[in-house]
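Numbering of ligands and ligand atoms starts at 1, following listing order.
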Amino acid sequence: MKIFCTGASGYIGGSVAAYLAAIGHRVTGLVRSQDKAAAVSRLGITPLMGTLDDVAILAQAAQAADVVVNAASADHKGAVVALLDALAGSGKPFIHTSGSSIVGTRARGERSDAIFDEDTPITPSPARAARVALNEFILAYRDKGCRSVIVCPSLIYGAGRGANPNSVQVPLLIRLAKKRGNAAHAGPGENIWSNVHIDDLVTLYALAIEKAPAGSFYFAENGENSMREACEAINRMLGFAGPPTAMSMAEAAAEWSEGTTEDTMASNSRVRAKRARQLGWQPSARSLIEEIEQGCYRE
Ligand SMILES: NC(=O)c1ccc[n+]([C@@H]2O[C@H](COP(=O)([O-])OP(=O)(O)OC[C@H]3O[C@@H](n4cnc5c(N)ncnc54)[C@H](OP(=O)(O)O)[C@@H]3O)[C@@H](O)[C@H]2O)c1
């Protein structure tokens, strides 16, 4: 099939695009610089120069494709409108990437017991209200002749296949651990994130392209860990003795910014990928703790 992928030079989009190209699809990837064009070409992806604001380029690329994967941004409404309007009436799949911080609770490093599957009602934080509204907007295209589908990953780990091999949270924790000579979490670090290996995530995109019904939404996770567990594994990986440090929220915000600290590093985001498993998804890659201790994060 002909697949158009935004975010083709990024962690998620690059991994998905490279995987789809490797299994025999013809993939065109949106890029915004010549060096990223060269990088995606090396992975068998045909580069298309443009940005998420170039609505005419997006619409033309969507119409020329059999499938669109939108992995550049969970939040860019202009691009979503351009792509969906181009696909309306075609019945083609549109696979959008959201993120499980939509169920996140700001918790200053404390644990929350709230767990969400796709049927659990969500009351998003003000920081994620627009993302949840965008998801609803996308799913409504099920009634406009478009097979709109959302994949909503939790914390992603593992080496990406694309030009950007690095995700967000684990590399942030490792960089800080190396700087301090000890891993560190925000507050007590008892806050929990569900997580998914990038190698498993790409197979969910392929499955969604193949058979997800119009208007479906899929969390992606295959386990969960507290930030303290991740930090303990990082200390073992780096050979640092003793327990990780509990930073104050102000200290953490000085390292990671306030928004990243509150919504990503000190929050909870506990989801269950019930519908993806019902679709036939079988995640099998190693766990977050194994990946930190024995996998791609070791030097
Ligand atoms: N990583 C995670 O753990 C995770 C989990 C859940 C959800 N998400 C969400 O998924 C989305 C992608 O995440 P990611 O980790 O793959 O990010 P990433 O590695 O930074 O990749 C983003 C990609 O989108 C491209 N891009 C961004 N803005 C663009 C624009 N205005 N025009 C054209 N291209 C643009 C980037 O191009 P350049 O290479 O030129 O910068 C890059 O290829 C984000 O919205 C993120 O919040 C991420």
Response to the item:
re atom 36 (C) of ligand 1, the protein heavy-atom contact at minimum distance is R32 NH2, 3.9 Å
Worksheet item: Quick one: CG on L30 to OG1 on T51, what's the gap to the nearest 0.5 Å?
Response: 7.0 Å
Item to complete: Decide whether an N or O pair under 3.5 Å exists between T97 and ligand 1.
Response: no
Worksheet item: Applying a strict 4.0 Å limit to heavy atoms, is G162 in contact with ligand 1?
Response: no
Worksheet item: Which atoms form the tightest heavy-atom contact between V271 and S194, and what is the distance?
Response: N-OG, 2.9 Å
Practice prompt. Among all protein heavy atoms, pick out the one at the shortest distance from atom 4 (C) of ligand 1; state its residue, atom name and that distance to 0.1 Å.
Written response: I156 CD1, 3.6 Å
Item to complete: Using distance alone, determine whether V168 and ligand 1 share an N or O pair under 3.5 Å.
Response: no
Item to complete: Ignoring hydrogens, just give me the one of G99, S154, G29 whose non-hydrogen atom is nearest atom 5 (C) of ligand 1.
Response: S154
Worksheet entry | Min N/O separation G13 to ligand 1 under 3.5 Å | no
Practice prompt. Could you tell me whether S9 and ligand 1 have an N or O pair separated by under 3.5 Å?
Written response: yes
Response to the item:
atom 20 (O) of ligand 1 has as its nearest protein heavy atom N164 ND2, 4.5 Å
Practice prompt. Answer with yes or no whether S100 contacts ligand 1, where contact means a heavy atom under 4.0 Å from a ligand atom.
Written response: no
Discussion item. Regarding Y205 and S15, do their side chains bring together a donor and an acceptor under 3.5 Å, going by distance alone?
Written reply: no
Worksheet item: Between E251 and R180, is there a salt bridge with N-O shorter than 4.0 Å?
Response: yes
Worksheet item: Quick one: does P153 get within less than 4.0 Å of ligand 1, heavy atoms only?
Response: yes
Fill in: Straight-line distance of I122 CD1 to R131 CZ, nearest 0.5 Å
11.5 Å
Fill in: K2 side-chain N/O to A64 backbone N/O, donor-acceptor pair under 3.5 Å
yes
Fill in: Residues in ring pair (Phe, Tyr, Trp, His ring centres under 6.0 Å) contact with H96, at least two apart in sequence or another chain
none
Worksheet item: Just how far is it from atom CZ of R108 to atom CE of M249, taken to the nearest 0.5 Å?
Response: 5.0 Å
Worksheet, complete the sentence: Taking every heavy atom of I138 against every heavy atom of S148, the minimum-distance pair comes out as O-OG, 2.8 Å
Worksheet, complete the sentence: The ring pair (Phe, Tyr, Trp, His ring centres under 6.0 Å) partners of F219 (sequence neighbours excluded) come to F217
Worksheet item: atom 47 (O) of ligand 1: which protein heavy atom is closest, and how many Å away?
Response: R131 NH2, 3.7 Å
Practice prompt. Can you confirm whether something in the protein, heavy atoms only, sits under 4.0 Å from atom 16 (O) of ligand 1?
Written response: yes
Discussion item. Just to confirm my output: which protein heavy-atom neighbour is closest to atom 45 (O) of ligand 1, and how far is it?
Written reply: A74 N, 2.8 Å
Worksheet item: In the protein, which heavy atom is nearest to atom 22 (C) of ligand 1, and how far is it?
Response: A72 O, 3.8 Å
Worksheet item: Side chain, backbone, both or neither: which part of K36 comes within less than 4.0 Å of ligand 1 when only heavy atoms are counted?
Response: side chain
Response to the item:
The closest protein heavy-atom partner of atom 3 (O) of ligand 1 is S167 OG, 3.1 Å
Practice prompt. Using heavy-atom distances, let me know which of A71, S269, S73, S98 sits nearest atom 9 (C) of ligand 1.
Written response: S98
Worksheet item: At their closest point, which heavy atom of N268 faces which heavy atom of N191, and how far apart are they?
Response: OD1-CA, 3.4 Å
Worksheet entry | H96 touching ligand 1 at heavy-atom level, < 4.0 angstrom | no
Practice prompt. Could you tell me the residue and atom name of the protein heavy atom closest to atom 18 (P) of ligand 1, and the distance to it rounded to 0.1 Å?
Written response: Y11 N, 3.9 Å
Discussion item. Please check whether I12 reaches ligand 1 - meaning an N/O of the residue sits under 3.5 Å from an N/O of the ligand, judged on distance alone.
Written reply: yes
Worksheet item: What closest approach, in Å, do T105 and S112 show between heavy atoms, and which atom pair accounts for it?
Response: OG1-CB, 4.0 Å
Worksheet item: Hey, is atom 7 (C) of ligand 1 touched by any protein heavy atom at less than 4.0 Å?
Response: yes
Fill in: Least distance between heavy atoms, C231 atom then A184 atom
SG-O, 3.6 Å
